[in-house]
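Read the structure below first, then the notes.
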Amino acid sequence: DSHGGQFAGVCVAVYVVFNILWNVSILLSVKHTGALATFVALKAVFPVSTLLFAYVDWPLLGKSDLSWLVWLSAVMIMPCIIFY
């Protein structure tokens, strides 16, 4: 018997709604700003989420201890995104 299992259906429904909204926002971004701007913005998701998961104490997730390789890849990708 799992703890909080009664909320499983609600969690899946919330995930599906947000996933559809995310995909619609990507389509609208391509429509209004073009594929290149959307591509660059999506590439910035990794470094931003890395910073957020390293420094924000998320409910249920907490902070993440990140390897130096993750930090190295984030530092390497940011100038590439900026100069692209």
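Here, residue 1 is the first one in the sequence, and each next residue gets the next number.
With V48 as the partner, the side chain to side chain contact (heavy atoms under 4.5 Å, CB included) test is satisfied by one option alone out of L51, V45, L52: L52.
The shortest non-hydrogen separation linking P47 to A44 is CD-O, 3.3 Å. Nearest approach of S73 to F46, heavy atoms of both residues: OG-CZ, 3.5 Å.
In this structure, the side-chain contact (heavy atoms from CB on, under 4.5 Å) partners of L36, at least two apart in sequence or on a different chain, are V40, Y84. Listed by chain and residue number, L66, W71 satisfy the side-chain contact (heavy atoms from CB on, under 4.5 Å) test with A54 (two or more places apart in sequence, or in another chain). In terms of the side-chain contact (heavy atoms from CB on, under 4.5 Å) criterion, residue partners of V14 (sequence neighbours excluded) are, by chain and number, V10, F18.
Residue V12 is found in a hydrophobic cluster whose other members, listed by chain and number, are Y15, V16, I20, V24, L28; membership requires side-chain heavy atoms under 4.5 Å apart, directly or through intermediates.
Linking Ile, Leu, Val, Met, Phe, Trp and Tyr residues whenever their side-chain heavy atoms come within less than 4.5 Å leaves W68 and V70 in two separate clusters.
Sorted by first and then second residue, the side chain to side chain donor-acceptor pair (under 3.5 Å) pairs involving residues 27-47 (not counting sequence neighbours) are S29-T33, S29-T38. The side chain to side chain donor-acceptor pair (under 3.5 Å) analysis of residues 46-63, with sequence neighbours excluded, yields no pairs.
Heavy atoms from other residues, nucleotides or ligands lying under 6.0 Å from CG of D65 number 12 at most.
Atom CH2 of W22 and atom CG of L27 lie 11.5 Å apart (nearest 0.5 Å).
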